[in-house]
Amino acid sequence: MKFCVTNHELFVGEIHIIGVSLSSVVLVGDTDCINLGSAFDTPPESLVLGSSLVPL
Amino acid sequence: MYRTSAVDEVIINSLTSASVLQTGDTEKIQCFSAALAIQRERTDFGRLDIPLNKYDIFSQPVVIPVCPPVKIKKTFNANPFIRVCKIDILGVSSSALLHIGSVCEMTLQSRVKHIRHFLKNPYPDIEEEES
């Protein structure tokens, strides 16, 4: 694969962000490769009743 | 090859749970975070010894698309600067990253298991319908 890029002027005024969480990235710069992965588990079975918290 | 990043002002309220604010260029970044988010009916302060391998989510592989191999890459920087006046962020958490500068390669991964822990069943009607 051939990949040719010409970067002209990049000027950003203000960036307002509330939150950056769970393997996310705010990048001011250049990069070659980004790999992000996230597993998030909130099923109905996440409801635990009684005193023991740890599954058998 | 890479451009220079110029940021005039950075305002961050909180930076928690293995998160990173990096200024400057980086060759490689690898972050991993595993979290157990427990919401309990009764508050119990103190130690909570729960082995993470009891839950599947911490051992299951997360499928991540692979970057295609680039044989020829040519970059011409007509303007060698990335200018940003102001960055205002309220919170960065859970192995998240604010990076000012260039990166060659980065790999981030996070796993979160949510548990709602009640002493009594708060939904008795739903339980009857299921059974």
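Lettering of chains follows the sequences in order, A, B, ..., and the numbering in each one begins at 1.
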Chemist: Please assess A:D32 against B:Y2 for the test side chain to side chain donor-acceptor pair (under 3.5 Å), listing each intermediate value before the final yes or no.
Modeler: CA-CA 10 Å; A:D32 274 341; B:Y2 294 124; 2.9 Å; yes
Chemist: Would you mind checking which part of B:L119 comes under 4.5 Å of any heavy atom in chain A, side chain (CB onward), backbone (N, CA, C, O), both or neither?
Modeler: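 Backbone plus side chain of B:L119, per the 4.5 Å heavy-atom cut-off to chain A.
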Chemist: Who in residues 88-109 of chain B is close to chain A, using a strict under-4.5 Å heavy-atom cut-off?
Modeler: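 Within residues 88-109 of chain B, the residues under 4.5 Å from chain A are B:D88, B:I89, B:L90, B:G91, B:V92, B:S93, B:S94, B:S95, B:A96, B:L97, B:L98, B:H99, B:I100, B:G101, B:S102, B:V103, B:C104, B:E105, B:M106, B:T107, B:L108, B:Q109.
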Chemist: Taking every non-hydrogen pair under 4.5 Å, which of A:D30, A:I17, A:N35, A:V20 racks up the most with chain B?
Modeler: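 Answer, by heavy-atom pair count under 4.5 Å with chain B: A:D30.
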Chemist: Of all heavy-atom pairs between A:G13 and B:C85, which one has the smallest distance, and what is that distance?
Modeler: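 Smallest heavy-atom distance, with atoms named: O-CB, 2.9 Å.
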Chemist: Name the option with the most non-hydrogen atom pairs under 4.5 Å to chain B; the candidates are A:S38, A:S23, A:C4.
Modeler: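 Highest number of heavy-atom pairs under 4.5 Å: A:S23.
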Chemist: Counting heavy-atom pairs under 4.5 Å to chain B, which of A:I34, A:V12, A:V25 comes out on top?
Modeler: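 That would be A:V12.
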Chemist: So which residue, A:G29, A:A39, A:S21, A:G19, ends up with the most heavy-atom pairs under 4.5 Å with chain B?
Modeler: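 Option with the top pair count is A:A39.
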Chemist: Using ring pair (Phe, Tyr, Trp, His ring centres under 6.0 Å) as the criterion, list what pairs up with A:F40, not counting sequence neighbours.
Modeler: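 Only B:H114 meet the ring pair (Phe, Tyr, Trp, His ring centres under 6.0 Å) criterion with A:F40.
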Chemist: Can you list the steps and then say if B:I87 with A:H16 is a side-chain contact (heavy atoms from CB on, under 4.5 Å)?
Modeler: CA-CA 6 Å; B:I87 298 176; A:H16 289 278; over 6 Å; no
Chemist: Heavy atom to heavy atom, less than 4.5 Å: which residues from residues 4-31 of chain B reach chain A?
Modeler: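 Residues B:S5, B:V7 are the ones that qualify, each having a heavy atom under 4.5 Å from chain A.
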Chemist: Taking a hydrophobic cluster as the set of Ile, Leu, Val, Met, Phe, Trp and Tyr residues connected by side-chain heavy atoms closer than 4.5 Å, whether directly or through intermediates, do B:I57 and B:I38 fall within one such cluster?
Modeler: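 Yes; tracing contacts between hydrophobic side chains, which count when under 4.5 Å, links both residues.
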Chemist: Does some side-chain heavy atom of B:V84 sit less than 4.5 Å from a side-chain heavy atom of A:I15?
Modeler: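 Side chain of A:I15 against side chain of B:V84, heavy atoms only: contact under 4.5 Å found.
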Chemist: Out of B:R3, B:Q39, B:K73, which one racks up the most heavy-atom pairs below 4.5 Å with chain A?
Modeler: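 Most pairs with chain A among the choices: B:R3.
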Chemist: Output the residues of residues 74-83 of chain B for which the shortest heavy-atom distance to chain A is under 4.5 Å, in residue-number order; output 'none' if no such residue exists.
Modeler: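 So far as heavy atoms go, B:K74, B:T75, B:F76, B:N77, B:A78, B:N79, B:F81, B:I82, B:R83 are the residues that approach chain A to under 4.5 Å.
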Chemist: Is chain A contacted by the side chain of B:V62, its backbone, both, or neither, given a heavy-atom distance below 4.5 Å?
Modeler: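 Looking at B:V62, just its side chain touches chain A.
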